[in-house]
Participant: 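The structure's right below; bear with me while I get my questions together.
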2 protein chains.
Amino acid sequence: MPNPEKTETVRDKGQEARPLDAFDRKILGELAVDAGLSYAELGNRAGLSAPAVHERVKRLRATGRIRGTVAVLDGPATGKPFLAFVHVDSTGWGKTQELLALSELPEVEEIHSVAGDTCMLLKVRCASSRALEGLLARLYALPSVKATRSYVVLSTFLERTPQAGITEALEGE
Amino acid sequence: MPNPEKTETVRDKGQEARPLDAFDRKILGELAVDAGLSYAELGNRAGLSAPAVHERVKRLRATGRIRGTVAVLDGPATGKPFLAFVHVDSTGWGKTQELLALSELPEVEEIHSVAGDTCMLLKVRCASSRALEGLLARLYALPSVKATRSYVVLSTFLERTPQAGITEALEGE
DNA sequence: AATTGCTCCGAATGACATTCCTTTCTTCAA
DNA sequence: TTGAAGAAAGGAATGTCATTCGGAGCAATT
């Protein structure tokens with residue numbers, strides 16, 4: 001009887017634990033594009049049986065490789081046609097907590113801290129330019145926010161979640 | 001007998017056609033967070049029966065409100081811990097086609113054209129800083145690419161797909 | 001060489017998606 | 001105001017698929 005709390009010499013995240021064989025990566029690749037596939041169909045594409053695929057998917061979920069399964073909504077079709085990236089310059093380093101409160105807003109999709117000539121980077125999708133202005137107003141209301149630069153998206157040519165593939169050629173150029 | 005090709009006075013995209021009632025938005029909100037919910041459970045949360053929810057979801061898919069269902073992969077856990085946003089200045093306006101070819105690379109997750117002091121904005125996730133360098137090399141190999149500015153992500157605090165909610169307060173500030 | 005643990009497959013079970021049909025509510029026309 | 005027609009919801013039935021179980025093959029360890 002295996003003990004789930006047995007001593008692990010490495011942590012489960014990162015790329016440790018199980019190195020993701022070709023089957024896993026194939027499965028991840030398919031599910032990242034369409035999570036509605038049946039296990040039987042997944043098995044066909046990967047060369048495994050349905051139960052085997054099921055087992056692997058369960059493991060991929062348990063180990064955090066798959067964070068979840070979501071429906072991808074269309075921004076414009078759901079009433080939010082305005083997309084923008086906002087760079088935020090803020091004073092002090094511990095003030096990121098203030099910005100994290102913006103997670104409450106469904107308009108805010110991403111919050112990163114970045115290296116470069118700015119501190120924080122937001123991805124924001126909202127109903128109108130008016131709403132975008134309102135969001136910027138909220139930003140400037142924060143005492144630590146010094147300046148912002150907004151990049152309003154005119155056209156989106158590609159937008160997808162993380163893909164499973166890795167281009168080896170990029171490593172050796 | 002309704003004719004599926006009957007004359008429409010408005011196009012089906014945008015926010016025309018059916019204005020998304022409270023049920024629809026509730027369903028979209030739940031599915032954007034977890035698409036693995038059963039229709040029965042979804043019905044409970046929305047206050048509808050399973051078949052009714054099913055009917056609506058089918059319509060939301062058909063009208064393009066729901067673009068698809070995907071598994072969200074964890075970047076670091078799947079071997080791509082490096083995330084960066086790359087601003088690209090390019091000469092000429094018709095040259096965006098060259099950049100679109102980058103869609104082939106699984107490392108490139110987003111390609112937008114933006115207003116502001118730059119032309120294109122890429123979101124890139126790759127295995128190493130070496131790979132990021134390789135990707136920049138490919139960018140500069142394009143004749144129309146004049147300059148790039150990269151913002152390497154140090155920490156990601158929030159990252160999600162488009163949400164269904166709309167903050168009304170943002171419109172009136 | 002034997003054993004332990006892991007992962008696969010085939011079959012059986014159970015849950016759930018999907019469809020059909022009836023009912024109700026709303027809307028438009030007379 | 002009434003009548004008719006369209007749309008949409010709920011209940012029940014059916015089919016598909018997810019999920020589980022048991023057994024077999026394989027690899028690594030002792």
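Below, chains carry the letters A, B, ... as their sequence lines are ordered, and counting in each starts from 1. Atoms considered below: every heavy atom in the structure, side chains included; atoms not considered: hydrogens, waters and symmetry mates.
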Participant: Looking at B:His54, I'd like to know whether one of its side-chain N or O atoms comes within less than 4.0 Å of OP1 or OP2 on C:dT18.
Facilitator: yes
Participant: Do NZ/NE/NH1/NH2 and the carboxylate oxygens of B:Lys80 and B:Glu109 come within less than 4.0 Å?
Facilitator: no
Participant: Are A:Phe85 and B:His112 close enough that their ring centres sit under 6.0 Å apart?
Facilitator: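 Judged by ring-centre distance (under 6.0 Å), A:Phe85 and B:His112 do meet the cut-off.
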Participant: For B:Asp21 and C:dC25, give me the distance from atom CG to atom P, rounded to whole Å.
Facilitator: 17 Å
Participant: Check whether any side-chain N or O of A:Tyr39 sits under 4.0 Å from OP1 or OP2 of D:dC17, and answer yes or no.
Facilitator: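 The answer is no; no side-chain N or O of A:Tyr39 sits under 4.0 Å from OP1 or OP2.
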Participant: Ignoring the backbone of B:Ser38, work out which of D:dA18, C:dA17, C:dT19 is nearest its side chain.
Facilitator: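 Among D:dA18, C:dA17, C:dT19, the one nearest the side chain of B:Ser38 is C:dA17.
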Participant: Which part of the nucleic acid, if any, lies within contact of A:Ser49, taking any heavy atom under 4.0 Å across all strands shown: a base, the sugar-phosphate backbone alone, or nothing?
Facilitator: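 Base, at least one base heavy atom under 4.0 Å.
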Participant: Grab the CG-P distance between B:Asn44 and C:dC16 for me, whole Å please.
Facilitator: 12 Å
Participant: Is A:Arg59 close enough to C:dC6 that one of its side-chain N or O atoms is under 4.0 Å from OP1 or OP2 there?
Facilitator: no
Participant: By nearest atom, which of the nucleotides C:dC8, D:dT20, D:dA18 is closest to the A:Arg56 side chain?
Facilitator: C:dC8
Participant: Rounded off to whole Å, could you give me the CG-to-P distance for the A:Leu48 and C:dC8 pair?
Facilitator: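 Value for this atom pair: 6 Å.
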Participant: Does A:Arg56 come within less than 4.0 Å of A:Glu30, counting only side-chain N to carboxylate O?
Facilitator: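 A salt bridge is absent here (no side-chain N lies under 4.0 Å from a carboxylate O).
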Participant: With a 3.5 Å distance limit and no angle check, can you tell me whether A:Arg25 reaches the backbone of A:Ala164 through a side-chain donor-acceptor pair?
Facilitator: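 Here the side-chain-to-backbone pair exists.
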Participant: Check whether B:Arg125 reaches the backbone of B:Leu83 with its side chain - one donor and one acceptor, N or O, closer than 3.5 Å.
Facilitator: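 Not a single qualifying donor-acceptor pair exists.
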Participant: Which whole-number value in Å describes the distance from A:Ile27 CD1 to C:dT7 P?
Facilitator: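 Nearest whole value for this atom pair: 13 Å.
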Participant: For the side chain of B:Ala52, starting at C-beta, report the closest nucleotide among D:dA9, C:dC9, D:dA12.
Facilitator: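 That would be D:dA9.
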Participant: If I take atom CG in residue B:Leu42 and atom C1' in nucleotide C:dT18, what distance separates them, rounded to the nearest angstrom?
Facilitator: 15 Å
Participant: Would you mind reading off the distance between B:Phe23 atom CZ and D:dA9 atom C1', rounded to a whole angstrom?
Facilitator: 10 Å
Participant: Give the rounded distance in Å between these two atoms: CG of B:Leu31 and P of C:dA17.
Facilitator: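 Interatomic distance, CG of B:Leu31 to P of C:dA17: 11 Å.
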Participant: To the nearest Å, give me how far apart NZ (A:Lys58) and C1' (D:dT19) are.
Facilitator: 8 Å
